[in-house]
Every structure is written in C-alpha cells, then in structure tokens.
Amino acid sequence: MNAYPVYEKRTVRDLSGIWDFFFIPKEMMKLDSFTPDGLQYDDFQIVPGCFDAAPKYASQRGTGVYRTFFNLSKSGKCLLRIGGVSLYAKFFVDGVEIGSNPLPYSGFECEFEATEGRHELVVAVSNAFDYKACPLFSSYYDFYAFGGILRSIEIHELPTNYLGRCHVTTLDIEKGRVDLKMEITSDEPQAKVNISFDNKSCETYIVDIKDGISNIVLDVPDFKLWSPESPSMHSVTIDMPTDKITESFGIRKVEVVGNKILINGNEFIARGYNRHESHPEAGSAVPECVMMEDIQILKDLNCNFVRGSHYPQSQMFLDMCDRAGIVVWEETIAWNDDADHLADPAFEKAQLEQLKLMIHNSYNHPSIIMWGFMNETSSEKTESYPLIEKLVKTSKTLDSSRPVTFASARCDNDICFGLVDIISTNVYPGWYGCNHDDERQYEKVKPRLAEVQAIAAKYNKPWIISEIGAAAIYGCRDRMNGPWSEEFQTKLISEVCDFVNESDYKPGLALWQFTDIRTYSSSGHLNRARGFNNKGSLDEYRRPKAACSLVREKFKKT
Ligand code: ADA
C-alpha cells in the first residue's frame with residue numbers, strides 16, 4: 001500500500017518497479033518539443049527514483065524518458081496518480097499526451113479514457129532549468145534539482161460514479177465531531193454511502209451532491225484526540241455501490257491565541273529542524289526506510305517539529321509524522337525569489353496551483369498544523385505584497401482550520417508580517433557576515449535573536465525561529481572552535497537553544513538543518529564546501545555530528 005487514501009473497490013495498479021529508460025541531454029531537446037514516437041529505449045530505471053542520483057547520469061541535465069506498460073480490465077475513464085516529479089513532466093498513453101505538470105514535488109492526478117487491454121505509459125521528466133516550463137525552480141536555489149519520478153505512481157480504473165478525496169475537519173474535540181467533505185463524481189444528484197470509522201459498524205446515509213461535493217457532520221465513536229504527545233489516529237471509510245475509499249485522519253484543534261500556538265488548547269512550542277527530502281544515493285526520491293530512520297532520529301533528538309523545507313512533502317513521510325506525533329510545517333516551493341518573479345503571472349499561477357494541490361493532498365494529516373509558502377521571498381518590497389496576500393487568502397479559503405506563515409529573511413523591514421498568523425524568521429547570526437578568524441562569532445547569536453524577538457513582539461503573534469545554524473564538515477574537529485568545525489557548530493546551536501530556553505517568551509525553533517544536503521558549490525552566491533549545504537546536525541548519510549548530543553539535551557528541557 002502506498003500512502004493514504006486507500007481505494008479498495010476500484011482496480012489500482014501500482015507502477016513502482018523497473019521501467020524502460022532513455023536520456024535526452026538538454027542540448028538536444030526541450031521537453032516542450034518531446035514526443036515519444038519511435039524512441040528506442042536503451043536503458044532502464046527504477047521507479048520511484050532519480051535518474052541523476054546514480055552514477056551513469058549523475059550531474060547531467062535534460063529529459064529522462066521513462067516507459068512502462070499496463071493492462072486495463074475494462075474500457076473507460078482512468079486516473080494517473082503520481083506522488084511527485086522533479087522538476088517537471090509530460091505524460092503520454094499510447095503516444096498521446098494526457099497531461100503535463102510544471103510543479104516540482106507536487107502530488108497530482110490526470111484523468112484519461114482508454115480501452116480494455118494493454119497500453120503504453122511514457123513519463124518524460126526534465127531536470128533542465130527552464131523558467132518558462134517550470135517557474136518554481138531556479139538554478140540558484142540552494143538545494144540540488146534532481147530529475148525523476150520521486151514518489152509512487154499508480155493507474156486507477158474509475159467506475160462510472162466514483163470518489164475523489166474525503167477531507168476530514170475537526171469541529172468539536174469534546175464530542176469527536178468531524179465534518180466529512182466528500183468529492184463525488186456521479187450522474188445522480190444524490191448518493192447512497194455507507195460510512196464507518198476505524199473499520200467498525202457502518203451507517204448508511206443518502207447525501208446530496210452539489211458541484212461534486214457532499215458534506216456530512218458526524219461524531220466519531222470512541223474517539224481519541226491527536227496530539228504530539230499522544231498521536232491517536234482514526235480512519236473513515238466511505239463505501240458507495242461502485243467505489244470505496246479509506247482516509248486516515250486525526251481529531252485535533254489548532255489555534256493561534258495571542259502569541260501562542262495551541263493544539264487542543266495546550267501551548268505548542270516547536271523544537272525541531274528543517275528537513276530536505278534528500279539523500280546522496282537516492283537524490284530527492286528518499287526511500288521509505290530512510291524516511292523511517294529520519295523519524296526515529298528526530299524523536300531520539302527530542303524533536304516535536306519539522307519544517308518540510310522547501311516544497312510539498314512525500315505523503316508517506318507525512319503519514320509517518322502523523323503516527324510519530326511530529327508536528328509539520330508544509331510549504332510551497334521557493335528560494336529567495338525576488339519581486340520580479342512574484343509580479344510574473346506565470347509564477348503566481350504556479351504558486352497558487354501548488355498551494356491548492358498541497359492543501360488538497362495533505363489536508364487530512366493532523367501533524368500538519370500550518371501552511372507556508374515562498375521561503376525567503378522579497379517580502380520587504382511592496383511589489384511582493386499582492387501575491388503573498390493572495391496566497392494567504394487562498395490558504396484560508398481552502399482550509400480555515402490551519403494558520404499560515406512564511407519564512408522571512410527580511411524581518412528588519414518585512415512589510416507582510418501583518419498578513420500571516422505566525423511570524424517566522426530566518427536569521428544566521430554568527431555565521432554569515434562574520435570574521436571567522438575570531439572564533440567567538442557565536443556570541444552574536446543572543447543579541448541578534450533579542451533584536452528579532454523585539455520585531456516579532458510588535459505583532460503579538462506566535463514567533464518561530466524558522467532557520468538558524470552554522471555549517472560543520474562531518475569529522476572536522478578543532479580545539480580552536482574554528483569555522484566548519486563540529487565544535488563551532490555545536491557552540492552556536494548551544495547559544496540558540498539557551499536563548500529560546502531562557503527567554504520569558506518561548507519562540508518555536510527549527511534549526512537549519514537536519515542533514516547535510518547536496519546543492520551547488522556556489523548556490524545563491526554562497527560558497528558551499530564540497531557542493532553540499534553542510535549545516536546539518538547530521539551528515540547526508542545520517543551520521544550524527546557533535547551537535548546532536550547537545551540538541552538532544554537542550555530540546556529535552558522545553
Ligand atoms: C536560507 C535558505 C535555506 C538555506 C540557508 C543557508 O535561509 O532558506 O534554504 O539556503 O539559508 O544554508 O544559507
């Protein structure tokens with residue numbers, strides 16, 4: 001089984017496995033001119049996977065063309081369902097284009113008609129930087145743009161009347177009352193549905209369908225609340241004569257009250273990391289066993305929080321966060337995009353589309369308590385304000401149950417903090433703009449955080465230090481605490497943790513970052529030793545640096 005939801009009546013083909021493959025260098029072709037006609041596949045790849053994470057195509061940019069075959073038991077409407085691609089892709093069934101996706105890391109679906117029997121599926125996915133084809137990933141972003149099919153890929157045979165998702169919204173944590181918003185495609189104005197929670201006895205309801213949506217409010221029997229400390233999960237099964245879906249969800253309430261974040265009325269103080277989906281041997285297609293390892297390491301470090309930096313997350317990873325009680329900030333992709341991008345209609349369209357897909361795909365995860373977008377954009381400029389305002393309004397329209405935020409690197413003169421529910425700031429005192437010949441740069445941490453706290457306090461909103469840290473090369477030990485040493489990184493993080501633990505107001509904290517990740521040697525004009533962002537508390541192979549033992553202790557005190 002891939003991540004939730006589970007469709008139990010329709011025929012679903014999981015297409016994970018070995019696919020035919022052919023690589024076209026970017027110099028030979030742009031994706032927009034690709035057709036699969038007459039291609040001779042001379043290789044193979046594993047799906048999910050990144051074709052450029054393995055030796056043969058490492059560092060190459062262009063279009064990876066994947067091909068497989070699938071059988072349909074009947075003619076009719078089908079659904080291609082993919083967990084995410086990088087960077088952008090086109091899809092062909094029997095040589096005919098059925099869809100395209102310009103949104104890196106977004107889970108998405110496209111419907112198509114096909115007859116009973118055997119069919120060819122071609123996924124042409126490009127990792128070439130092309131702002132027109134893919135405005136949401138620029139070559140200066142400080143994380144490596146791998147190419148491939150990152151997560152699960154399925155073909156669903158759709159019945160005449162079928163279910164989309166069922167979004168579960170907590171209405172009352174005292175009664176276990178939830179609102180079920182069911183997506184139903186039907187040629188009838190009503191539907192007869194059997195609804196059961198946790199595979200217990202079901203009840204039959206006749207629901208009205210308006211614009212493809214049916215709502216019903218129900219109390220969950222024998223409910224238990226979801227919280228970071230006690231992450232109880234429930235399931236709901238919607239069973240129609242022709243289709244059946246089971247969704248996983250949690251009953252919990254998230255509120256912002258003054259400068260506090262509350263979960264079920266209890267203050268939540270984030271202690272955790274920014275985590276990229278990245279592994280030196282798998283690229284962005286992080287295997288589920290490594291996701292499990294990351295979850296266990298985060299818990300071992302006494303973390304209760306992870307920011308999915310900087311893009312929509314794997315649904316399987318979010319399923320794991322639900323069950324581990326690790327609270328999540330999920331966000332749309334961006335990295336220091338300037339006002340020229342935000343003023344571009346194509347960039348705006350892509351941002352809004354990715355936000356809608358992210359909320360649609362991730363809605364039922366109780367671990368996600370806030371939506372974010374556009375990391376470190378130019379939120380100090382008036383030209384940026386309209387898109388940030390649109391993203392906030394869109395988020396609230398699609399999901400009034402969660403607060404919104406964005407990580408600002410312009411906190412001293414940010415003009416958009418008034419739009420969001422939570423003030424989030426990325427600051428690097430003691431690392432950037434320092435004279436590292438003087439190893440006491442870490443002494444700059446507390447004064448700077450006090451300055452930022454004063455800015456955040458003006459808004460009387462929760463404040464999260466959404467990024468802070470320093471680089472250390474794994475194994476670099478230096479009694480002089482020199483830069484790039486594990487000692488320096490540990491000392492700087494110690495200053496950060498002491499500030500948040502000693503401060504009267506306890507801000508949230510997401511250290512930058514969980515593990516080292518591949519980037520480029522001169523990302524965003526920043527030097528990156530060995531082509532990696534080395535600010536992980538663990539290296540890219542999840543080997544702990546000295547900072548881990550400090551974090552484990554300091555986070556225990558929260
Ligand atoms: C920024 C950015 C991160 C990373 C970090 C760094 O805050 O959001 O993605 O690039 O800086 O390591 O400098």
Side-chain angles (χ1 to χ4, degrees), residues 86 104-105 136-146 272-278 284 305-313 329-338 341-342 351 372-380 384 388 405-412 414 416 423-434 436 441-442 444-445 448-449 452 463-474 483-484 488-489 492-493 496 507-540 545 547:
S86 177
Y105 300 95
L136 297 192
F137 205 115
S138 294
S139 59
Y140 61 79
Y141 282 15
D142 186 22
F143 49 104
Y144 196 85
F146 288 99
Y273 280 95
N274 286 271
R275 174 185 177 270
H276 266 290
E277 293 187 358
S278 184
S284 302
F305 183 72
V306 68
R307 176 182 175 213
S309 53
H310 296 293
Y311 34 74
Q313 299 290 291
W329 158 345
E330 192 177 18
E331 63 183 14
T332 63
I333 195 169
W335 192 87
N336 279 272
D337 287 88
D338 206 341
H341 282 179
L342 275 67
Q351 272 294 327
F373 37 75
M374 293 202 305
N375 174 60
E376 294 200 344
T377 191
S378 49
S379 48
E380 82 283 11
S384 304
I388 293 174
T405 189
F406 66 87
S408 171
R410 281 77 169 180
C411 60
D412 298 280
D414 202 299
C416 299
I423 307 292
S424 300
T425 56
N426 295 354
V427 285
Y428 285 90
W431 182 253
Y432 288 126
C434 293
H436 283 290
Q441 299 304 313
Y442 51 76
K444 293 181 176 173
V445 167
R448 177 60 176 149
L449 287 179
V452 178
W463 171 40
I464 293 181
I465 304 167
S466 37
E467 289 185 31
I468 192 167
I473 301 290
Y474 177 78
W484 304 96
F488 179 81
Q489 182 188 50
L492 186 134
I493 291 175
V496 174
L509 171 62
L511 293 169
W512 186 271
Q513 67 176 325
F514 181 54
T515 71
D516 294 346
I517 60 151
R518 179 173 290 282
T519 178
Y520 312 94
S521 55
S522 59
S523 263
H525 320 302
L526 304 163
N527 68 322
R528 292 285 180 259
R530 69 188 186 112
F532 273 71
N533 184 315
N534 299 287
K535 298 189 185 70
S537 288
L538 300 93
D539 81 348
E540 61 274 22
K545 302 174 191 174

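Order of listing sets the numbers, starting from 1, for every ligand and every atom in it. All heavy atoms count here, side chains included; hydrogens, waters and symmetry mates do not.
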[X] near ligand 1 by a heavy-atom separation under 4.0 Å:
X	value
Tyr428	yes
His276	no
Tyr141	no

So if I count the atoms of ligand 1 from 1 in the order they appear, which ones are less than 4.0 Å from some heavy atom of [X]?
X	result
Tyr432	6 (C), 12 (O), 13 (O)
Asn375	2 (C), 8 (O)
Asn426	7 (O), 8 (O)
Asn533	4 (C), 6 (C), 12 (O)
Glu376	1 (C), 2 (C), 7 (O), 8 (O)

* Asked: Under the 6.0 Å and 45° cation-pi test, does Arg530 pair with Phe532?
  ->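 Ring-cation test returns yes.
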
- Query: Between atom OG1 of Thr515 and atom NE2 of His276, what is the distance when rounded to the nearest 0.5 Å?
  - Reply: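 So the gap between those two atoms works out to 9.0 Å.
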
Candidates His310, Arg307, Lys535, Glu467; heavy atom nearest atom 9 (O) of ligand 1 found on His310

* Ring centre gap for His436 and Trp484 strictly below 6.0 Å ->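 So the answer is no for these two rings.
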
Exercise. Would Tyr311 and Phe143 count as a ring pair (Phe, Tyr, Trp, His ring centres under 6.0 Å) if you check the C-alpha gap in whole Å, the side-chain angles of each, and the deciding distance to 0.1 Å?
Worked result: CA-CA 11 Å; Tyr311 34 74; Phe143 49 104; 5.5 Å; yes

May I ask you to check whether Asp539 and Asn534 show a side-chain donor-acceptor distance below 3.5 Å?
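Short answer, no.
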
message = Using the side chain to side chain donor-acceptor pair (under 3.5 Å) definition, which of the options Asn336, Asn375, Asp337 pairs with Tyr141?
response =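 Among Asn336, Asn375, Asp337, the one that satisfies the side chain to side chain donor-acceptor pair (under 3.5 Å) with Tyr141 is Asp337.
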
Yes or no on side-chain hydrogen bond (donor to acceptor under 3.5 Å, both in side chains) for Thr377 and Ser384, after CA distance, side-chain angles and deciding distance? CA-CA 8 Å; Thr377 191; Ser384 304; 5.0 Å; no

